[in-house]
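In what follows, a single structure is set out as structure tokens and then discussed.
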Amino acid sequence: MAPRGIRVLTVTPGFIETSAAQARIERMAAENGTDAATARQQLVDGIGGIPLGRPGRPAEVAELVAFLASDRASYLTGGEYVADGGNIPSI
């Protein structure tokens, strides 16, 4: 599609602490009788951990998408960009 001026890129986010994720954390805390920090850690542990030590923020994914859609990334095509804090081992 590049010859037609169409660039195809994908963004694969990991655990991003959206409002829905925060609601899930709060439900887990209530169900388990713990605090939000403990429930968040249980959720992180359940996905195998996050090497960077924390969930992502929505703005971090949004900034990546904005860059990829911008003219500054006009030479990029066919790439996959994983934003998961290192959860999926890759080089």
Side-chain angles (χ1 to χ4, degrees):
M1 301 307 297
R4 295 185 176 153
I6 299 170
R7 298 180 303 116
V8 178
L9 303 159
T10 62
V11 174
T12 306
F15 176 21
I16 306 300
E17 199 160 333
T18 62
S19 58
Q22 185 59 41
R24 174 69 180 130
I25 289 167
E26 290 170 9
R27 281 193 309 274
M28 287 175 62
E31 290 167 3
N32 298 328
T34 63
D35 61 5
T38 300
R40 181 182 295 104
Q41 189 60 50
Q42 290 171 339
L43 193 53
V44 168
D45 293 345
I47 62 171
I50 300 173
L52 286 181
R54 64 173 177 80
R57 295 182 294 271
E60 292 170 315
V61 176
E63 289 169 5
L64 173 58
V65 171
F67 167 73
L68 293 173
S70 77
D71 288 340
R72 293 178 293 159
S74 64
Y75 199 63
L76 301 178
T77 188
E80 176 183 14
Y81 299 87
V82 179
D84 69 351
N87 186 253
I88 298 172
S90 61
I91 298 176

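In what follows, every heavy atom counts, from backbone to side chain, and hydrogens, waters and symmetry copies are set aside. One is the number of the first residue; the rest follow in order along the sequence.
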Are the side chain of [X] and the backbone of [Y] linked by a donor-acceptor contact shorter than 3.5 Å?
X	Y	answer
R7	L68	yes
D84	F15	no
N87	G14	no

Shortest non-hydrogen contact between [X] and [Y], atoms and distance:
X	Y	answer
P51	G86	CG-O, 3.1 Å
L64	A83	CD2-CB, 4.4 Å
A29	A39	N-CB, 3.7 Å
P58	I16	N-CG2, 3.5 Å

Quick one, R57 and E17 - any side-chain contact, counting heavy atoms below 4.5 Å?
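When only atoms from C-beta onward are counted, E17 and R57 do not touch, as no gap falls below 4.5 Å.
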
Roughly how far apart are [X] [atom1] and [Y] [atom2], rounded to 0.5 Å?
X	Y	atom1	atom2	result
E26	R40	CD	CZ	9.0 Å
M28	T38	CE	OG1	10.0 Å
T10	Y81	OG1	OH	8.5 Å

Joint cluster assignment, V82 & V65, ILVMFWY side-chain distance < 4.5 Å
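Looking at the clustering, V65 is in a separate group from V82.
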
What about V11 and L76, same hydrophobic cluster or not, with Ile/Leu/Val/Met/Phe/Trp/Tyr joined at side-chain heavy-atom distances under 4.5 Å?
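Hydrophobic grouping puts V11 with L76.
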
Verify the distance criterion only: is there a donor paired with an acceptor across the side chains of S74 and D71 at less than 3.5 Å?
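Absent: no donor and acceptor within the cut-off.
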
